[in-house]
Amino acid sequence: MDRTPQSFVVIILASVLLLVCFVTILRQPERTDELLGTSPITYRIDPNQADADTLCLLPRIGPGIAQRITDDRDAKGPFTSAADMTRVKMVGDKTAAAIEPWVEFD
């Protein structure tokens, strides 16, 4: 039995699959840009008023860090800027820079 037609079908299917993967990869940067914060900011959070659940909406802030932020705020007083939030353990310069466009201090 000649397998040439079957091999041809497999090659065609593999080519289509590669093409679909390539197109998906090309479209990925648009979605990544949105996730990295290049999309318009539609809200701001006041870290001096927000609870831990609300703080989790900020980039790079998970439940543990959000709780540390609220504990620090309660113990040491309000924050004056995103850079001031680096006094919280596990909030470094990169995190402060990432959340800066998303926070406001009243």
Exercise. Go through Val91 and Ile65 one step at a time and tell me if the side-chain contact (heavy atoms from CB on, under 4.5 Å) criterion holds.
Key: CA-CA 7 Å; Val91 177; Ile65 295 175; 3.5 Å; yes

Taking all non-hydrogen atoms of both residues into account, name the closest pair between [X] and [Y] and its distance.
X     : Y      : value
Thr80 : Asp84  : N-OD2, 3.0 Å
Ala82 : Ala96  : O-CB, 3.5 Å
Ser81 : Phe105 : C-CZ, 3.2 Å
Asp51 : Thr70  : C-CG2, 4.2 Å
Ala98 : Pro59  : O-CG, 3.5 Å
Arg60 : Thr95  : NE-OG1, 3.3 Å

Exercise. Output the distance between atom CG (Leu58) and atom CD (Glu100), rounded to the nearest 0.5 Å.
Key: 12.0 Å

Quiz item: Under a single-linkage definition using a 4.5 Å side-chain heavy-atom cutoff for Ile, Leu, Val, Met, Phe, Trp and Tyr, are Phe8 and Leu13 assigned to the same hydrophobic cluster?
Solution: no

Quiz item: Can you hop from Ile99 to Tyr43 via hydrophobic side chains spaced under 4.5 Å?
Solution: yes

Exercise. Answer yes or no: are there more than 12 heavy-atom neighbours, outside Asp93 itself, under 6.0 Å from its atom CG?
Key: no

Residue pair [X] / [Y], side-chain heavy-atom distance below 4.5 Å:
X      : Y      : result
Val88  : Phe79  : yes
Trp102 : Leu57  : no
Ile45  : Glu104 : no
Pro47  : Met85  : yes
Ile69  : Ile61  : yes

Donor-acceptor under 3.5 Å ([X] side chain, [Y] main chain):
X     : Y     : result
Asp72 : Arg68 : no
Thr54 : Ala50 : no
Asn48 : Pro78 : no

